[in-house]
Amino acid sequence: MPATDIGAETHQPIVEGAEPAVVGPLLADAMYDQRWHRCSVALISGGKSNLTYRVSSEAGEVILRRPPLGHILPTAHDMAREYRVLHALEASDVPVPRTLFLRGADSPLGAPFYVMERVVGHICRDGLPAGYAETPADRAAIGACLVDVLAALHTTDPEAVGLADFGRPQGFMERQLRRWSEQWDRSKVAELAALDSLRDDLSASLPRQGPAAIVHGDYRLDNTILHPTRPGQLLAVLDWEMSTLGDPLADLGAMLAYWSEDADAEVLVRARLFESVTAASGFPSRSEVVERYARATGFDVTAIGWYQAFAFFKLAVICQGIATRAAGGAMLGPGFDDAQGLVEPLVEAGRHHLSAAALAPARQAAQAPSAHAD
């Protein structure tokens, strides 16, 4: 998918779940502007869970977010939490879209939803716009700002922004393993011993949790908006539906799971959800990302291989959930046909990283100076 502006003309002409006849009056009342009565609504392509719509009228343009149609898994699409964290971070060093209003499940849409400002910029996934970030230095700046914003999020004091009770950070990764195991049990259409084995080995090798932080839950390049002319400036972080208080290395591991390198092993190439632009020259390597993050936060990142393995386990479960919902007709937009086929490659990539993480202490010990050296 080419890079695009949020709300640009790359959407699908589908408005199921946010019909203009319903959305228009809602916006007119909430925004105190009758021009919203006559509006157009378009589903923005690329969303795999919560649905994102661009709403346009003579009054302007806004973005509407609501849960997917049909059956959804418990806790997976909490719009109030997403709205709350966005609103809380508006005054922080983390760039987010400005929130406008929130409505509950009893809204005329028949589901909770919220509305936020439209941020104009580039959402980059598997390519860059023509003429944008053409030099390695520009691409390095994109990688740097992505890491720096993640570090800013993880070093934001939750209490200072009103999020002290936003989650239970203690035991976060244990609960994550349990939660995604339960999601797997709800979504799977067949047994997969390799996934069960990966989950068990992750549980057995769980690292000690570091400092608690606000975590995004799905932080990656294409969940951000880059400045349209300045590649080193990130304008907004999107898709906060899985945010909470927890272990910040879960975010770093997830971002690295989407981070491609030109020299990736075949097991990682097979597990790519898309051809990430980060394989282009200039973007930092995964090890350089980890080093920059560690310098910015001061966190111990020696167990990052475990977190990368967990990220692939989680992605495998998410892909299974997408495939199951798509088969039931509950997913709108293109791009869901290959979800089922990615489950096993993602599990294999998780095993690859977990095996590497298990070998890391031995390599470090072998490289350390001997205590009996002259």
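Atom NE2 of His87 has 12 or fewer neighbouring heavy atoms from other residues, nucleotides or ligands inside a 6.0 Å radius. Within a 6.0 Å sphere centred on CD of Gln170, heavy atoms belonging to other residues, nucleotides or ligands number 12 at most. Within a 6.0 Å sphere centred on CD of Glu266, heavy atoms belonging to other residues, nucleotides or ligands number more than 12.
Side chains of Ser205 and Trp306: a donor-acceptor N/O pair is present below 3.5 angstrom, by distance only. Between the side chains of Ser260 and Arg272, at least one donor-acceptor pair of N or O atoms lies under 3.5 Å. Between Arg351 and Ser197, the side chains place a donor N or O and an acceptor N or O closer than 3.5 Å (distance only, hydrogens not considered). At a cut-off of 3.5 Å, with distance as the only test, no side-chain donor of Ser57 or Arg35 sits close to an acceptor on the other residue. Defined by atom type and a distance below 3.5 Å, a donor-acceptor pair is present between the side-chain atoms of Tyr307 and Asp247. Counted by atom type alone, Ser281 and Arg139 present one or more donor-acceptor pairs between their side chains at under 3.5 Å. Inspection of the Ser56 and Arg54 side chains reveals an N or O donor paired with an N or O acceptor under 3.5 Å.
The structure places CD of Glu182 at 6.5 Å from CZ of Arg178, a figure rounded to the nearest 0.5 Å. Between atom CG of residue Leu234 and atom CG of residue Leu150 there is a gap of 10.5 Å, rounded to the nearest 0.5 Å. Annotation: the span from Ser181 atom OG to Arg199 atom CZ amounts to 4.5 Å, rounded to 0.5 Å.
Between Arg98 and the choices Met116, Arg118, Glu90, the side-chain contact (heavy atoms from CB on, under 4.5 Å) rule is met once, by Glu90.
Note: Phe312 and His352 fail the aromatic proximity criterion, with ring centroids not under 6.0 Å apart.
Counting heavy atoms from C-beta outward, Val347 and Glu344 have side chains that stay 4.5 Å or more apart. Side chains of Thr156 and Val94 form a contact here, defined as non-hydrogen atoms less than 4.5 Å apart. By the 4.5 Å heavy-atom criterion applied to side chains, Leu354 and Leu202 are counted as neighbours. A heavy-atom distance below 4.5 Å is found between the side chains of Trp180 and Ile318. A heavy-atom distance below 4.5 Å is not found between the side chains of Pro97 and Ile63. Considering only heavy atoms from C-beta on, Gln308 comes within 4.5 Å of Arg286 through its side chain. The shortest side-chain heavy-atom distance between Pro68 and Asn50 falls under the 4.5 Å cut-off. Counting heavy atoms from C-beta on, the side chains of Leu109 and Leu26 come closer than 4.5 Å.
Tracing side-chain contacts under 4.5 Å through hydrophobic residues (I, L, V, M, F, W, Y), one never reaches Leu268 starting from Val343; they form parts of separate clusters. Residue Ile322 is not grouped with residue Phe274 when hydrophobic side chains (ILVMFWY) are merged at heavy-atom distances under 4.5 angstrom, including chains of intermediate members. Taking hydrophobic clusters as Ile, Leu, Val, Met, Phe, Trp and Tyr residues chained together by side-chain heavy-atom distances below 4.5 Å, Tyr258 does not share a cluster with Val237. Cluster membership for Met255 and Leu315, using ILVMFWY side-chain heavy atoms within less than 4.5 angstrom, is not shared. Connection of Met242 to Met79 is established within a shared hydrophobic cluster, with ILVMFWY side chains joined at heavy-atom distances below 4.5 Å, either directly or through further cluster members.
Closest non-hydrogen pair, Ser287 versus Glu261, comes out as N-OE2, 4.5 Å. Nearest heavy atom pair, residue Glu19 against residue Glu16, reads OE2-CA, 3.8 Å. Heavy-atom minimum distance, Leu102 versus Phe113: CD1-O, 3.4 Å. The shortest non-hydrogen separation linking Pro284 to Val289 is CG-CG2, 3.9 Å. Nearest heavy-atom pair, Val161 versus Ser92, reported as atom, atom and distance to 0.1 Å: CG1-CB, 4.4 Å. Across Asp222 and Ile123, no two heavy atoms sit closer than the pair O-CG2, 3.4 Å.
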Query raised in the report: Please walk me through it: do Glu58 and Arg38 pass salt bridge (Lys or Arg N to Asp or Glu O under 4.0 Å)?
Result: CA-CA 8 Å; Glu58 291 182 359; Arg38 294 178 59 84; over 6 Å; no

Requested in this report: Assess whether side-chain contact (heavy atoms from CB on, under 4.5 Å) is satisfied between Leu346 and Cys319, documenting all intermediate values.
Outcome: CA-CA 9 Å; Leu346 288 166; Cys319 279; 3.7 Å; yes

Report task. Could you walk me through whether Leu252 and Leu256 pass side-chain contact (heavy atoms from CB on, under 4.5 Å), step by step? Result -> CA-CA 6 Å; Leu252 182 60; Leu256 293 173; 4.2 Å; yes

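Using a 4.0 Å cut-off between charged nitrogen and carboxylate oxygen, Arg220 and Asp218 count as a salt-bridge pair. Using a 4.0 Å cut-off between charged side-chain N and carboxylate O, Glu241 and Arg81 make no salt bridge.
Screening residues 202-224 for ring pair (Phe, Tyr, Trp, His ring centres under 6.0 Å) gives His216-Tyr219, His216-Trp240 as the qualifying pairs, with residues at least two apart or on separate chains. Among residues at least two apart or in separate chains, salt bridge (charged side-chain N to carboxylate O under 4.0 Å, His left out) pairs with a member in residues 142-154 are Asp148-Arg292.
Using a 30° and 60° split on the angle between ring planes, His154 and Tyr293 fall in the perpendicular class, above 60°.
Arg84 meets the side-chain contact (heavy atoms from CB on, under 4.5 Å) test with Leu163, Asp165, Phe166; sequence neighbours excluded.
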